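The sequence lines fix the lettering, A, B, ..., with proteins before strands; numbering per chain opens at 1. Every heavy atom of this structure was used, including side-chain atoms; hydrogens, water molecules and symmetry mates were not. Here the structure is a predicted model, which is why all the values come from computation and not from measurement.
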Amino acid sequence: MTSLVTQLSDILGQAFAAEGLDTSFGRVIFSDRPDLAQFQCNGAMAAAKAAKKNPREVATKIVEILKGNNIFSKIDIAGPGFINLTLTDVALKTYISGLVDHPRCGVDPTAQGETIVLDYGGPNVAKPMHVGHLRSSIIGDSIRRILKFTGYNAIGDIHMGDWGTQMGMMISELEILHPEWVYFDPTYTGDYPAESPVTMDDLEEIYPRVSALCKTDEARLEQSRKATVDLQNKRRGYYALWKHFVTISLASMKRNFTALNVHFDLWKGETDVHDLIAPMVDDLKSKGYAVESEGAIVVHVKKNDDTKEFPPLILYKRDGGVMYGTTDLATILERVRDYDPVKILYIVDKRQALHFEQVFRGAKLTKIARDDVELTHLGYGTMNGTDGKPFKTRSGGVLKLEDLIAMGKDKAIERLDAAKVGDTFSEDEKANIAMKVAIAAIKFADLQNNFSADYVFDLDRMTSFEGKTGPYLLYQAVRIKSLLEKAGYKAGGDILLSDQDRALYLMITELPEVIDTAVRNYTPHVVCDHAYKLAQAFSSFYGNTHILSEENAAQKQSWLTLSAMVLAQLELSLDLVGIEIPARM
RNA sequence: GGUCCCGUAGCUCAACUGGAUAGAGCACCUGCCUUCUAAGCAGGGGGUUGCAGGUUCGAUUCCUGCCGGGAUCACCA
């Protein structure tokens, strides 16, 4: 179904056209001044400027045309030329009635199955997932959900960091600690053990230690680089050891992402494109794109009109190793070849903006990606602590993701116990509710902000569960479920509009535009914002209107229908940001 | 130093891409649980949108210059 403001925009657009003005001036939006009108059109002022006319005169002419349309109960001109519109209840009711059973809450798909690849998550093999992975994962997953709902073939790819220097650090360290291991015997030709000689805990201990060491010890770093190159050349023992790293890391990642309700369609990593790199670079060399520079093989991506320094994209380092720019370029090659996407979106820390600019330029320059393939880096802000500096735990370390989730869950259980709502629930259900509350709190705290700005990560605020939080939204949704259940609600009956519920009905009609904005700008926070406003408006209505004791049966049924519609929108909106609602709480 | 981003209530953030009276939450104050879940609701105080200019009927939004903060500037990811 066509959204309400689209219908109104069409009507206004025709009125502008009748005056010889562009139909786009007819764009109608929800009113900024609900006290004056339900909708407004600001086009008369812009049209007047373009046509060098008086804005109020233009508005007057438009209004004259609109007067012939009986869906408006009130049309007037305010200020310099705002056209304020209010619908008759009959017209509003007609639209709302079509919304009641609509499976998508009135939002039609706008895409036709075009493929979009989303690159988010990016956990590293052999390193624990920490809160730094949170933003990429939940923002990326939400954008994927929104795009998919809009009709795109949205493919989420986790793009694991499984092939970089950190692998060389780990392997070389194990070789120093355990030179006798069969993995390090170059003459060994048999099979390697099926069981990993190290655990995730071992890896978690080794990485930060060696990483720090390599920063000060040039020789040790050299050793790591060497091991990295050997691994990338698939030295048998190294490769077997690396396989173990991947296996044990995957188990840990899957635990975290399942808990977070973050989904990936592809579990690929840097390794998956390794075999594409050599042929790709050879090809680029033969075409003259890739050239030798200071011992490295690079693509010069500086453009003539650049005023600033623009470093080249390095494909092969002096030591023959590849860099993440190389794998990112090869990954574009692979994605174009396998999926032919119209867009590839990268949800990665904004500090990597220059890197992506280099890679994107390289991809376009070398025709690895056609000009019409949109390559976009959706760079999110740094996660800071309440002191404004990059987030650290009280002891100065990184907070592991699973610890964060566990903290949220404990807090939620505390809350359930305090409110005594969970007393009659089974332990399983309580744990399930606590988990959903914790994830809702974590996700909503992040996703309600525009992701491009830096984000202050405040554990205390996040787990307070009061005010504008995920748990508030769950609470409102669950209250509606409970209400409908108590009422034994069954769909049907007429929609009755009244002064106490009209605003809520109007808010329900906003969803298509909300989602459209979210899709156009890749901004899940507008969906969060709408869900919150809707929940708040419902809560206000709920507080002022006692539904179950309403004696007028038709009115009661109408309010229940309204409640059901609000619930459906909350469920949809929250699903689009990856938040699940429990049956009760 | 070059380039880019940011600066909105005490704090954390919005503001439909140039619109009307800049909105929420937290914190603070006042009410509301013998009627549908108080993780709630109703109300109150709190703003020269960093500063100074400019464009415009109209600027938090666009332009210029300052001030303050951050990021980044080829062999790490």
Which nucleotide in the list [options] gets nearest to the side chain of [X]?
X        : options             : value
A/Arg351 : B/U21, B/A71, B/C75 : B/A71
A/Lys317 : B/C76, B/C36, B/A39 : B/C76
A/Thr165 : B/C76, B/A38, B/U21 : B/C76
A/Gln476 : B/G40, B/A74, B/C73 : B/G40
A/Leu354 : B/C41, B/C73, B/A20 : B/C73
A/Ile547 : B/U17, B/C36, B/A24 : B/C36
A/Tyr472 : B/C41, B/U21, B/U37 : B/C41

Identify whether the glycosidic angle of B/C33 places it syn (within 90° of 0) or anti.
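Syn for B/C33; the angle stays within 90° of 0.
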
[X] [atom1] to [N] [atom2], straight-line distance once rounded to whole Å:
X        : N     : atom1 : atom2 : result
A/Phe541 : B/A42 : CZ    : P     : 13 Å
A/Asn544 : B/C41 : CG    : P     : 11 Å
A/Glu357 : B/C73 : CD    : P     : 14 Å
A/Asp387 : B/G70 : CG    : C1'   : 14 Å
A/His377 : B/C5  : NE2   : P     : 14 Å
A/Asn449 : B/G25 : CG    : P     : 15 Å
A/Leu473 : B/A24 : CG    : P     : 16 Å
A/Phe451 : B/U12 : CZ    : C1'   : 19 Å

With a 4.0 Å cut-off, would you call A/Asp349 and A/Arg135 a salt bridge?
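Between A/Arg135 and A/Asp349 there is no salt bridge, as every charged N stays at least 4.0 Å from the carboxylate O atoms.
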
Salt-bridge present (A/Lys533, A/Glu510; N to O < 4.0 Å):
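Salt bridge flag = no for A/Glu510 with A/Lys533.
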
How about A/His355 and A/Tyr324: are their ring centres within less than 6.0 Å of each other?
yes

A/Tyr346 and A/Phe356: aromatic ring centres closer than 6.0 Å?
yes

For [N], does OP1 or OP2 lie under 4.0 Å from any side-chain N or O of [X]?
X        : N     : result
A/Lys486 : B/U37 : yes
A/Arg461 : B/A27 : no
A/Ser482 : B/C36 : no
A/Gln536 : B/G25 : yes
A/Ser540 : B/C41 : no

Look at the aromatic rings of A/Trp163 and A/His274 and report parallel, tilted or perpendicular, splitting at 30° and 60°.
perpendicular

So A/Tyr542 and A/Phe538, would you call those rings parallel, tilted or perpendicular, with 30° and 60° as cut-offs?
tilted

How would you list, by chain and number, every residue that makes a side chain to side chain donor-acceptor pair (under 3.5 Å) with A/Tyr522, sequence neighbours excluded?
A/Lys343, A/Glu374

Aromatic ring of A/Tyr532 stacked on base six-ring of B/A24, 5.5 Å, 30°
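A stacking contact does not exist, since A/Tyr532 is not both close and nearly parallel to the base ring of B/A24.
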
Take N1-N3 plus N6-O4 or O6-N4 for Watson-Crick, N1-O2 plus O6-N3 for G-U, both under 3.5 Å. Which runs of 3 or more such pairs involve RNA chain B?
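As far as RNA chain B goes, consecutive pairing (with distances under 3.5 Å) yields the stems B:1-7 with B:67-73, B:10-13 with B:23-26, B:28-32 with B:40-44, B:50-54 with B:62-66.
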
